[in-house]
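By convention here, the first residue in the shown sequence is residue 1.
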Amino acid sequence: MLGLGDLKETRFYQDAFADGEQVGEQRGIEQGLQQANRQAVRGMMQVGLSLETIAQALNLPLEVVRQWAEDNNED
């Protein structure tokens, strides 16, 4: 019967673990980028840039910038 230690030695387990690790890392990167973009939107709004200009500068859809701006106003 396979024990947990034996299972961890299998190619399937190692591949699945590596895939899970990669997915988690990618999600972390995406969340960090989104947080940085939200902060950039907040800062650009504070200096008076239009939402259209912000969207263009950050290469983001205008609707995303509008939503984040609304979220900022609710804080």
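With sequence neighbours excluded, no residue satisfies side chain to side chain contact (heavy atoms under 4.5 Å, CB included) with Ala16. Taking Gln14 as the reference, Glu9 meet the side chain to side chain contact (heavy atoms under 4.5 Å, CB included) condition, with sequence neighbours excluded.
Counting heavy atoms from C-beta outward, Val65 and Leu58 have side chains that stay 4.5 Å or more apart. Under the 4.5 Å side-chain criterion, counting only non-hydrogen atoms from C-beta, Val41 is in contact with Met45. A 4.5 Å side-chain heavy-atom check between Gln46 and Arg42 finds at least one atom pair inside the cut-off. Counting only heavy atoms from C-beta outward, the side chains of Met44 and Thr53 never approach each other to under 4.5 Å.
If you take CD1 on Ile54 and CD on Gln56, they are separated by 11.5 Å, rounding to the nearest 0.5 Å. Between the CG atom in Leu51 and the CD atom in Glu70 there is a gap of 9.0 Å [rounded to 0.5 Å]. Between Asn37 atom CG and Leu60 atom CG the span is 5.0 Å, to the nearest 0.5 Å.
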Verdict with reasoning, Asp71 to Arg38, per side chain to side chain contact (heavy atoms under 4.5 Å, CB included): CA-CA 10 Å; Asp71 293 348; Arg38 282 178 173 262; 3.6 Å; yes
Please step through side chain to side chain contact (heavy atoms under 4.5 Å, CB included) for the pair Gln39 and Trp68, ending with a clear verdict. CA-CA 10 Å; Gln39 289 174 345; Trp68 290 350; over 6 Å; no
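Applying the salt bridge (Lys or Arg N to Asp or Glu O under 4.0 Å) rule to pairs touching residues 14-35 yields Arg11-Asp15, sequence neighbours excluded.
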